[in-house]
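We name chains A, B, ... by the order of the sequence lines, and we start the count at 1 in each one. Note that this is a predicted model, so its numbers are computed, not measured.
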Amino acid sequence: MKLVTCGLPYANGKAHIGHLRTYVPADVYVRYLRLMGQDVLFICGSDCHGTPIVVNAEKEGISPKELVDRYHEHFQKIFRELGIEFDFYGRTDAEYNHRRTQEIVKRLIENGYVYAKEIELAYCPKCDRFLPDRYVEGICPYCGAIARGDECDQGCGRHLEPGEIKEPRCKICGSKAEFRKQKHYFFKLTAFKDFLIDYLENKLQGTENALNYARQWVKSELRDWCITRNLEWGVKFPGEDLVVYVWVDAPIGYISFTEEACKRKGLDWKEIWLNGEISDITHFIGLDIVYHHCIFWPAMLKGAGYSLPKAVVASGMVKVEGKTFSKTRGYVVWVEDDYLKAGFNPDYLRYYIVNYTSHEKDLNFSWKVFRDKVNNEIIATLGNFIYRVLHFAWKNFGRIEGKVDPVVIDKIAEIKDKIVSAINRWEFKEASDAFMELATFGNEFFQSSKPWDLIKEDRDKCMDVLASCIQIVKALVIFAYPVMPKTMSKLAEFLGFDIANARLEDALKPIESIELKKPFIPFEKVDDKKIEEMERVMLERIRRAEEAESGKELIDIKEFEKLDIRIGKILKAERIKGSKKLMRLEVDIGNEVRQIVAGIAEVYKPEEVVGKLVPVLVNIKPAKLMGVESRGMILAADVNGKPVLLHPDREVPPGSKIR
RNA sequence: GCCGAGGUAGCCUAGCUGGUUGGGGCGUCGGACUCAUAAUCCGAAGGUCCCGGGUUCGAAUCCCGGCCUCGGCACCA
């Protein structure tokens, strides 16, 4: 029995195209494996714990469970509608996962891989509780920006250790927090370094993008993981008033979901998870969680005495209309609101995702490309071939009994081999290109055989041609089924065979005789108006996002007057060591020379900004960036996140006021 | 900065253990056909294989240097 899993969607937001980038190929993979005769268990579930869920639930005034329920339902619905069929879709807050997680944590403790340590944590005296991660807000000790407890998300982006944040405040009640010591538990990840190096170099299979990242990480410094948090919501850490960190109980979902799936099917989950060193387990994940799956997870499994995964397959990133996927900036396609509600066939999106490029590379989603792929590839090549054959055969004969051309059988066999080879390398584009090649072959065969002429001259010969074509149609239905299950199962039913129990080899078995009904048009065209509408929706969203980003209300001139903006002359400039973006400048602002740190080093070289006149916000609070004090802020235009400097249109004296 | 991945015609790509004219798809142009959702088929145009140097009889393919793009740099879900 082979196990295939997908990274668990976090039950904190709706499904978008980024999710599908992992789930669709995984589903396609499983369906092909089954067509290849393999026994596969396919599982997934909702990731239900963690601080963001608790914080968001509190914000909405509902319980974490209510929030999780909502998105758990949502994801199940999306998967159902897109034909992503898990054998079991669980949730990490279920009893079975709590039980398995606690069992594994106990094993880790028994085996000596967990130790306690006192650390200083932010504590809110008013709420009377410790404040984990995102419950804290304060000042970043490095750059002075407002930061979260665990990360300076708006400023320098640094990770913050517990206790590092300055002036911590409780995010719930807003009152001042203090630091208090508390005992927490750490997982001895460092003890697994040698094991991990060997595992990643010699044992784990998968896509290069995942393996290379992981190898690089494991060779640099590993640190022990703090695996406990001060929350109510989560899996209780044995014997303490703490819960385990989400990244402990989330992957354990893979195990507990397997148990549940096996229980329902009368199988033994231990054959997968407790059968020795490496087990036939394949994890499909996004690139963002490679670390957890290739480092943390195998170490945990090893430490608790469980089997290790055989392969980790990581999908590439998603872009939307050529821009980096971003929910906040509006470059996103929501599966339900944007796609399904518009009434598009889910098979189209599945085909797009699988066929756009290889699994490891970046996938760009564009509505125009979508329209072209659907209309030119799915419909014109594949759908049209199927329909023209079925329609012609039904109209002229009704029943087809003829000899299939051996050339056709050879071609089908060739395509089948291509598909098998591609699937074994997780090359889903190659597999889908292969069946499209067969459709093109079919069109060529039909065209060059001219059955519309033959029917007038030689009905038997015409019948043979159609027998060959129907053979190709059947092969196409089987070969394309994993990518487009909805439409292909309808066609299989039309042709009178059971796709659920089909094998790739069935495509080669000649159809002796077949009775045809009136065929249906398998795919509906996507029209330009609809695409324009979709693009409008997206542009509108991007525009709104930009507006929200700038988030500007109307202000009084008095407020503007608070800003002291002057022209400064850059006297000196140098890069800041260790930083990609920052440049240290000495700027003459008229009555003094200030040291200012500016994020322009990605675009400008020091020598080209020296001597330039630029606007400077003089009365901004001083801040430290990368340890260098900055007293002022260079103003520049923001073009796609990159700075463009502004210069006065004629020479003006440094210190000139801007108003 | 460090570490990955990658730069092949308007777009997506194959080739990358070096060897005849760098394949394929979409788009474009011309033609043919009419069974079919103006679908299909045939043909054509289109490439400094990022740049520079090197190794070699010979490099998109190997080596060195540079430029550019994307991503990661961790207890962030």
Side-chain angles (χ1 to χ4, degrees), chain A residues 7-13 47 49-53 133-134 148 150-151 153 157-162 186-187 189 207-209 211-217 219-227 229 245-248 250 287-292 295-296 316-317 319 322 324 355-358 360-364 366 368-369 372-373 375-377 379-381 383-396 429-430 433 436-437 439-440 442-455 462 465-466 469 519 521-525 575-581 601 626:
Chain A
L8 310 184
Y10 197 55
N12 188 32
D47 178 7
H49 295 132
T51 43
I53 282 173
D133 303 335
R134 299 187 184 187
R148 297 199 304 242
D150 53 346
E151 181 188 357
D153 57 330
R158 274 198 182 69
H159 158 70
L160 304 180
E161 285 290 325
F186 284 74
F187 173 60
L189 186 59
T207 50
E208 288 298 309
N209 54 356
L211 298 180
N212 284 339
Y213 279 141
R215 285 169 187 153
Q216 161 205 341
W217 274 320
K219 281 183 204 150
S220 60
E221 9 123 42
L222 284 181
R223 283 201 258 159
D224 292 343
W225 274 39
C226 179
I227 53 163
R229 295 290 130 113
Y245 178 48
V246 263
W247 270 110
V248 175
L287 270 179
D288 49 343
I289 52 176
V290 166
Y291 185 82
H292 310 84
I295 310 273
F296 187 55
M317 310 298 279
K319 291 180 170 207
T324 303
N355 188 263
Y356 182 82
T357 190
S358 80
E360 289 184 55
K361 295 200 173 158
D362 289 357
L363 176 140
N364 180 33
S366 145
K368 285 210 173 71
V369 176
D372 289 346
K373 284 187 90 69
N375 288 349
N376 300 329
E377 299 174 33
I379 293 171
T381 306
N384 182 242
F385 173 71
I386 293 170
Y387 185 68
R388 78 197 286 206
V389 167
L390 296 179
H391 189 264
F392 190 94
W394 162 76
K395 205 168 130 195
N396 293 293
K429 176 174 171 58
E430 241 180 271
D433 279 345
M436 291 307 288
E437 183 191 332
T440 296
N443 275 318
E444 286 167 21
F445 186 87
F446 195 94
Q447 192 82 11
S448 60
S449 306
K450 296 190 172 144
W452 56 90
D453 286 340
L454 276 179
I455 187 122
C462 185
V465 167
L466 288 174
C469 288
I521 289 179
F523 299 105
E524 292 296 333
K525 271 199 142 173
R575 288 177 162 276
I576 289 177
K577 233 179 109 189
S579 164
K580 185 158 63 176
K581 292 183 181 166
M626 296 289 290

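- For R215(A) and A5(B), the CZ to C1' distance is 14 Å, given to the nearest whole Å.
- Between L8(A) atom CG and A77(B) atom P there is a gap of 14 Å when expressed in whole angstrom units.
- Applying the ring pair (Phe, Tyr, Trp, His ring centres under 6.0 Å) rule to Y356(A) yields the partners Y352(A); only residues at least two apart in sequence or on another chain are considered.
- One P atom belongs to G19(B), the other to C63(B), and the distance between them is 15 Å to the nearest Å.
- Comparing A44(B) with G52(B), their P atoms are spaced 31 Å from each other, to the whole Å.
- Contact record, N12(A) with P52(A): ND2-CB, 3.9 Å, taken as the closest heavy-atom pair.
- The base-pairing partner of A44(B), taking Watson-Crick or G-U wobble contacts with both distances under 3.5 Å, is U28(B).
- In this structure, R215(A) and L211(A) have side chains that are in contact, with non-hydrogen atoms separated by less than 4.5 Å.
- Applying the ring pair (Phe, Tyr, Trp, His ring centres under 6.0 Å) criterion to Y387(A), with sequence neighbours excluded, gives H391(A).
- Judged as a salt bridge (charged side-chain N to carboxylate O under 4.0 Å, His left out), and not counting sequence neighbours, the contacts of K368(A) are E535(A).
- Residue contacts for N355(A): at a heavy-atom cut-off of 4.0 Å it reaches no nucleic acid atom on any strand shown.
- Distance, N364(A) CG to G6(B) C1': 16 Å, rounded to whole Å.
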Which pairs, protein N/O on one side and nucleotides 7-10 of chain B N/O on the other, fall under 3.5 Å?
none

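- Two rings, from W225(A) and F296(A), have their centers less than 6.0 Å apart.
- As a whole-Å value, the separation of L211(A) CG from A5(B) C1' is 13 Å.
- In this entry G6(B) has C68(B) as its Watson-Crick or G-U wobble partner, both defining distances falling under 3.5 Å.
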For nucleotides 27-37 of chain B, 5' to 3', base contacts (B), sugar-phosphate-only contacts (S) and non-contacts (-) with protein non-hydrogen atoms under 4.0 Å give S-----SSBBB
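- Put simply, CG on D433(A) is 11 Å from C1' on C26(B), counting in whole angstrom units.
- Under the ring pair (Phe, Tyr, Trp, His ring centres under 6.0 Å) criterion, F186(A) pairs with Y115(A), not counting sequence neighbours.
- Spacing between C49(B) and A59(B) at atom P, rounded to whole Å, works out to 12 Å.
- With sequence neighbours left out, the side-chain hydrogen bond (donor to acceptor under 3.5 Å, both in side chains) criterion links S449(A) to no other residue.
- For the C1' atoms, the distance from G10(B) to U56(B) is 36 Å, rounded to whole Å.
- Taking a pair to require two hydrogen-bonding distances under 3.5 Å in either a Watson-Crick or a G-U wobble arrangement, G1(B) pairs with C73(B).
- Look at the C1' atom in both U8(B) and C51(B): the space between them is 14 Å, to the nearest Å.
- Under the rule for a salt bridge (charged side-chain N to carboxylate O under 4.0 Å, His left out), the partners of D433(A) that lie at least two apart in sequence or sit in another chain are K429(A).
- Taking atom P in both C12(B) and G18(B), one finds a spacing of 29 Å when rounded to whole Å.
- Distance L363(A) CG to U13(B) P: 9 Å, rounded to the nearest Å.
- Across C41(B) and C33(B), the matching C1' atoms stand 7 Å from one another, rounded to whole Å.
- Put simply, T357(A) has a side-chain N or O that comes within less than 4.0 Å of OP1 or OP2 on U13(B).
- C226(A) is not listed as a side-chain neighbour of Y245(A), based on a closest heavy-atom distance of 4.5 Å or more.
- Between S448(A) and V246(A), the one whose closest nucleotide on RNA chain B sits nearer the 5' end is S448(A).
- Taking atom C1' in both G22(B) and G58(B), one finds a spacing of 15 Å when rounded to whole Å.
- Separating the CG atom of L287(A) from the C1' atom of G6(B) is a distance of 13 Å, rounded to the nearest angstrom.
- In this structure U55(B) sits in no base pair that meets the Watson-Crick or G-U test at under 3.5 Å.
- Look at CG on D288(A): it is 16 Å from C1' on G4(B), rounded to the nearest Å.
- With sequence neighbours excluded, no residue satisfies side-chain hydrogen bond (donor to acceptor under 3.5 Å, both in side chains) with E524(A).
- Mapping N12(A) and S358(A) onto RNA chain B by nearest heavy atom places S358(A) closer to the 5' end of the strand.
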